[in-house]
Every structure is written in C-alpha cells, then in structure tokens.
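Heads up, the thing below is written out as structure tokens.
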Amino acid sequence: MSEFIDYGNVDFMRVKKSNFVDKSGLLNVLNENMDTENSFMCISRPRRFGKSVAAKMAYAYYDRSAKSDDLFADLEIAKSPDYKTHLNKYPTIYIDWNRFAAVKKKDVVTVAQQMIVEDLKRSYPFLKEKNILFDALNEINTETGDRFIMIIDEWDMLVRDEDKSICDEYVNFLRSMFKTNSANKIFPLVYMTGILPIIKYETQPAMNNFREFSVITPGKTDKYYGFTRDEVKKICEENSMDFDRMQHAYDGYIVGKEKSIFNPNSVMLSVLYGNYDSYWSKSASYTSIEKYIHIDEENVKPKIEQLLNGEAIPIEVTSFRNDMKNVESSDDVFTLLAHLGYLSYNPENKSVMIPNTEVAGEFKHTISRSGWGWISRAMANSLTLLDRTISLDAEYVAKAFDNYRPEASSVLNINSEASMSAAIRMAYFAAGEDYRIIHELPTGKGFADMVFIPVNRPSRPAVVVELKYDKAADSAIDQIKRKDYPKSLKGFSRRIILVGVNYNKKESKHEVKMEVIEATE
C-alpha cells in the first residue's frame with residue numbers, strides 16, 4: 001500500500017466522523033492561489049490548532065486516487081464554482097515529517113527521499129533508478145505531463161532541531177525542490193504547515209518564493225485554524241456544554257480579523273471528557289516557556305509581570321528569525337511565544353497578551369518554579385489567599401499583602417497607587433481559574449478596581465475589591481456601596497463579598513475591611 005501518494009481519503013474520512021467542524025473554505029483559498037505567484041504557501045499555527053486535520057482534508061480533496069465527492073458534498077467548499085475543477089484531479093504527495101521520527105536525524109532527509117521515490121515507482125513503474133526526489137518528479141513530469149500537489153505537514157520539525165548541520169541539509173533539500181526553474185512546471189500548488197514560519201538566514205526567508213500565513217500575518221486563512229466563537233457556541237449547544245466556561249478556559253486568541261479564536265484541541269477534549277480542564281500541558285510542556293523567559297531577563301521579567309496582571313505589551317516582531325535557536329531579545333521571546341500559542345498577538349496595536357486561563361496556568365507553573373522572588377511566592381499562595389478572602393479573614397489577607405511588600409517594592413515601586421494595584425492583582429492570580437477577573441469595571445457611577453465574577457464554580461460568591469492609597473479601608477467599602485458597584489453583578493451571584501484595601505504609607509502596612517452582602521434583585 002502506498003504511504004505518500006495515491007492512498008485515498010481514509011484519513012479524512014476518520015476525521016469527519018469525529019465531531020468535525022467545517023473548515024473546507026480553506027480549500028477555496030488554496031484553489032485561488034493555484035498556479036499563481038502565490039502557489040507555494042506556508043501556513044503556521046501553534047500545536048493542536050488543526051493543521052494536520054487541514055492537511056488531511058486537502059489531501060482527500062486533491063488526491064486523484066480518491067473518490068471524495070460524498071465527503072465534501074455537504075461542506076462549504078462544495079458551494080464553490082471551482083469545486084469540481086480540482087476535486088480528485090491531481091497526483092498528490094503527502095509528507096508528514098513525524099513519520100520519520102524513528103530515523104536517525106542525520107539520515108532523515110536521505111531516508112525520506114528514498115522512501116518517497118520507492119512509493120512513486122509503484123504508481124510510475126517506468127521510473128528509472130533514482131534516489132533524489134526532485135529528479136524523480138521531474139522525470140515523471142517530462143514523461144507523462146503529470147503535475148503534483150505537494151502537502152508537507154510539520155514542515156519545521158527539522159528546523160527546530162538543535163543541530164545546525166541537520167537544519168541546513170533539510171533547508172537545502174527544500175530549496176532543491178522548490179527554488180528551481182522547473183518547480184513551477186512540476187507543482188501547481190505546494191502547501192506546507194508547521195508551528196513556525198520559514199526560517200530566516202540573516203534577514204531573508206530561506207525560501208522567499210513561499211507566501212507565509214502565520215498568527216502574525218494570517219491573511220485569508222485567519223478563521224480556518226482554531227474555532228470561532230460561533231463554531232464553539234454550536235458545539236456547546238449540540239453537546240450540552242457551558243459556553244461561558246468554555247470561553248473562559250480556551251478563548252482569547254486574535255488571529256487577523258478574527259477577534260475570538262478558541263484552542264480547538266482543548267475544546268474537543270473538553271467535550272469528550274465533559275469538563276473544562278487544562279489540556280495544554282498534554283500537548284506542550286511548560287519548559288517551552290521556561291527555556292526562553294530567562295533570555296534578556298532584565299527586559300523579559302517586568303513584561304511577564306505585566307502579562308500575568310492581564311495587561312497587553314507591545315512587541316516588535318520583525319527581528320525574530322523564525323527559529324528556536326537564535327532567540328536574542330525580549331521581542332524575539334514574545335514573538336516566539338505567540339507562534340507557540342502561549343500568547344495572543346493583536347495586529348491592530350502590535351501587542352501580545354495571555355489569551356485564557358488554560359495558558360495562564362502554564363505561566364503559573366513556570367513562574368512558580370523559576371525562583372522569581374515574591375512573584376513566585378505570591379502565585380504559589382494565591383489560591384489560599386482567595387479562599388481566605390471568601391472566608392472573610394481580613395487579618396490574613398492584610399498580612400499576606402504586607403509579606404509581599406518588601407520584595408515587591410524593589411520591583412514595582414510599591415509606594416504608588418498603580419504599583420500597589422499591580423501587586424494585589426498578582427496576589428490574586430489564582431482567582432482566574434474560577435473567576436472572570438475584570439479590572440476597572442464600568443458600573444455607571446464609576447469604575448470598580450477589581451471584580452471577580454464566578455465562572456467555573458457558580459456557587460462561589462462574587463468579589464468586589466476597591467483599593468485606596470494612604471486613606472482608609474472603610475472609605476473603600478463606603479465607595480463600593482455609595483456608587484452601587486454590586487448592581488453591575490446582578491444575575492451573576494447571590495452573594496457578593498466587598499473588600500476594601502488601603503496601603504498606609506506611614507506604617508508601611510495594608511489595612512483590609514470586608515463585608516458580605518446579598519445581591520439585589
């Protein structure tokens with residue numbers, strides 16, 4: 001049986017039986033670019049964002065040995081006037097570099113070419129003895145006129161390798177395939193997917209004839225990787241899942257014009273297991289963060305603190321060389337983390353932020369083990385602080401803030417209202433697991449400093465925190481009542497805890513007052 005060409009649509013058939021979300025509109029984008037200056041395409045997205053599913057879909061659509069009309073007839077692509085023009089009309093080669101994971105890395109390019117050429121000989125018995133893939137394809141094209149669609153999944157697997165010689169050999173192999181004078185004659189379309197865009201040598205992409213579509217510049221591919229808000233709402237309705245909890249855990253990615261993209265793997269596993277757990281660590285390791293946050297630490301560390309506080313930070317993405325070995329500046333670090341899916345990139349203001357509670361948990365694991373002084377301790381103790389707040393233990397809460405103050409003052413310049421707010425936000429970091437935390441919530445009569453709205457555990461009370469600097473904690477409680485901040489929480493919780501926090505500059509201490517009220521109807 002063929003492994004790389006003429007093996008039919010069985011892979012996509014299995015995908016379509018597994019809660020498939022229709023992303024076949026992507027095929028319209030591929031078809032539009034076929035046999036144009038843009039026909040060599042590299043589409044990069046984070047792990048578990050549907051790249052392999054899309055590659056299997058494309059193979060089932062183009063492969064000449066398949067009969068896929070029944071698979072696609074009820075999908076978006078079938079409405080296109082070009083649908084039948086390209087359906088199952090091409091000899092299509094599918095290369096998944098994970099297929100060669102067991103091969104010694106120094107041999108992988110040679111072995112891969114030999115295996116694919118041997119597969120080609122089954123479909124083209126006249127093929128002469130050759131070990132070079134491009135030579136074999138060129139001979140087939142000359143003899144038969146056949147033109148090949150090439151689909152490469154995980155294209156960057158070898159580029160991510162630490163061994164530069166392996167990376168260079170692999171890039172040279174790709175160049176020999178796609179940067180020759182005959183490449184356009186042989187390939188009407190090349191479609192590569194991976195985590196990273198094409199690696200840069202100095203400032204230029206190693207293959208500048210490819211058009212790149214990444215989380216930074218997705219173009220028309222923005223909605224075809226990851227799930228949109230409407231798609232997740234439909235999934236939740238069909239599977240009796242809570243959309244608010246799904247959104248809290250897995251939403252938050254901005255991709256081009258799409259302002260609300262969910263992690264698709266996590267959504268589908270949430271449906272499969274019937275919960276809203278964190279599935280990120282099952283597909284990526286926290287060491288992916290840990291390895292890079294110590295690069296240019298003087299600039300990275302304070303920006304990580306801002307991210308953990310729910311803020312967005314501006315970055316410059318152009319210096320990043322699209323590989324994991326030459327990461328030199330804080331901009332490189334945060335650009336890489338955006339490509340890996342640990343951050344969401346906003347193209348409108350060119351900034352990044354942590355997208356959701358699932359990914360925030362991965363940052364928490366990393367920072368808690370990193371020895372970042374008071375921040376590590378605050379995050380480790382954050383859940384206890386939240387529980388003591390809910391139990392109205394004002395003395396414990398005040399002492400917790402006092403204990404963080406000495407180290408926080410050197411990092412955040414604690415003797416200011418803004419830095420005090422940042423420190424307390426960090427102290428309540430763990431609340432994000434069960435609550436939607438809103439900073440500066442508009443209430444009609446002003447802005448509440450921090451509001452915690454229960455999501456994952458709706459039986460928990462809502463919390464309103466008002467901060468004062470060198471005034472009085474009682475005045476914070478009075479302001480909450482006077483401006484009727486709890487009214488904004490109507491419908492979210494039956495009980496609301498009011499927390500007034502004042503920092504006494506003269507005594508260098510925090511004062512905390514608490515009160516619980518019933519939500520008004």
Side-chain angles (χ1 to χ4, degrees), residues 236 240-249 251 275-277 309-310 356-358 360-361 364 378-379 381-402 420-421 423-468 471-503 510-521:
C236 289
S240 300
M241 300 291 287
D242 188 319
F243 174 76
D244 286 341
R245 297 180 69 181
M246 195 79 80
Q247 183 179 35
H248 186 60
D251 189 11
N275 59 32
Y276 307 89
D277 202 355
N309 274 318
N356 51 48
T357 58
E358 182 182 44
K364 177 185 175 183
M379 295 182 72
N381 297 325
S382 183
L383 195 57
T384 301
L385 177 65
L386 176 63
D387 288 339
R388 292 297 185 95
T389 301
I390 292 173
S391 63
L392 304 181
D393 191 341
E395 183 178 355
Y396 178 94
V397 173
K399 286 182 178 179
F401 295 155
D402 289 344
M420 171 194 171
S421 174
I424 291 178
R425 289 184 195 181
M426 188 74 71
Y428 279 115
F429 179 82
E433 296 180 13
D434 292 328
Y435 287 85
R436 180 177 297 113
I437 303 176
I438 303 175
H439 306 293
E440 300 292 334
L441 174 69
T443 64
K445 295 182 180 180
F447 294 84
D449 285 334
M450 296 176 67
V451 174
F452 302 170
I453 299 174
V455 178
N456 282 339
R457 296 165 69 179
S459 61
R460 282 202 158 193
V463 181
V464 179
V465 180
E466 186 66 25
L467 307 177
K468 294 296 181 183
K471 292 181 181 178
D474 284 335
S475 69
I477 295 288
D478 289 341
Q479 180 174 319
I480 293 173
K481 293 179 176 179
R482 187 176 68 255
K483 296 192 175 182
D484 203 12
Y485 293 166
K487 185 176 182 181
S488 299
L489 300 178
K490 181 181 178 181
F492 289 107
S493 180
R494 293 180 62 87
R495 296 175 65 241
I496 302 173
I497 293 175
L498 313 183
V499 182
V501 183
N502 176 61
Y503 178 69
H510 293 84
E511 302 164 346
V512 177
K513 298 290 183 180
M514 295 182 176
E515 188 175 323
V516 61
I517 64 173
E518 296 295 321
T520 56
E521 293 299 329

Are any side-chain N or O atoms of Asp474 and backbone N or O atoms of Lys513, one a donor and one an acceptor, separated by less than 3.5 Å?
no
Within the distance-only criterion (no hydrogens, no angle test), does the side chain of Asp251 pair as donor or acceptor with the backbone N or O of Met246 below 3.5 angstrom?
no
Heavy atoms of Asn309 and Arg425 approach each other most closely as OD1-CB, 2.9 Å
So, taking the atom named CD1 in Ile453 and the one named CD1 in Ile438, what distance separates them when rounded to the nearest 0.5 Å?
3.5 Å
Evaluate the side-chain contact (heavy atoms from CB on, under 4.5 Å) criterion for residues Glu515 and Ile480: first the C-alpha distance (whole Å), next the side-chain angles of each, then the deciding distance (0.1 Å), finally the verdict.
CA-CA 11 Å; Glu515 188 175 323; Ile480 293 173; over 6 Å; no
Show your reasoning for whether side-chain contact (heavy atoms from CB on, under 4.5 Å) applies to Ile517 and Ile496.
CA-CA 5 Å; Ile517 64 173; Ile496 302 173; 4.0 Å; yes
Write down the atom of Ser493, the atom of Ala462, and the distance for their closest heavy-atom approach.
OG-N, 3.3 Å
So do the side chains of Glu433 and Leu386 get within less than 4.5 Å of each other, counting heavy atoms only?
no
If you round to the nearest 0.5 Å, how far is CD of Glu395 from CZ of Arg388?
10.0 Å
Point-to-point distance, once rounded to the nearest 0.5 Å, from CD1 of Ile390 to CZ of Arg460
3.5 Å
Could you tell me whether the side chain of Tyr396 reaches within less than 4.5 Å of the side chain of Leu385, counting heavy atoms only?
yes
Spacing of Phe429 atom CZ and Ile437 atom CD1 [to the nearest 0.5 Å]
8.5 Å
Paired with Leu498, the side-chain contact (heavy atoms from CB on, under 4.5 Å) test is passed by just one of Gln479, Met514, Lys481, Glu466, namely Lys481
Can you see which heavy atom on Ala476 is nearest to which on Gly500, and at what distance?
CB-CA, 3.6 Å
To check you understand the geometry: which heavy-atom pair defines the closest contact between Ala431 and Ser382, and what is its length?
N-OG, 4.4 Å
Shortest non-hydrogen contact from Arg436 to Val455?
N-CG2, 3.7 Å
Have a look at His510 and tell me which of Val397, Leu467, Val501 forms a side-chain contact (heavy atoms from CB on, under 4.5 Å) with it.
Val501
Tightest non-hydrogen contact, residues His248 and Gly432, listed as NE2-O, 2.8 Å
Quick one: SG on Cys236 to CG on Asp244, what's the gap to the nearest 0.5 Å?
9.0 Å
Look at the rings of Phe452 and Tyr428 and say which category their plane angle falls in: under 30° parallel, 30 to 60° tilted, over 60° perpendicular.
perpendicular
Would you check if the side chain of Tyr435 reaches a backbone N or O of Val463 as a donor-acceptor pair within less than 3.5 Å?
no
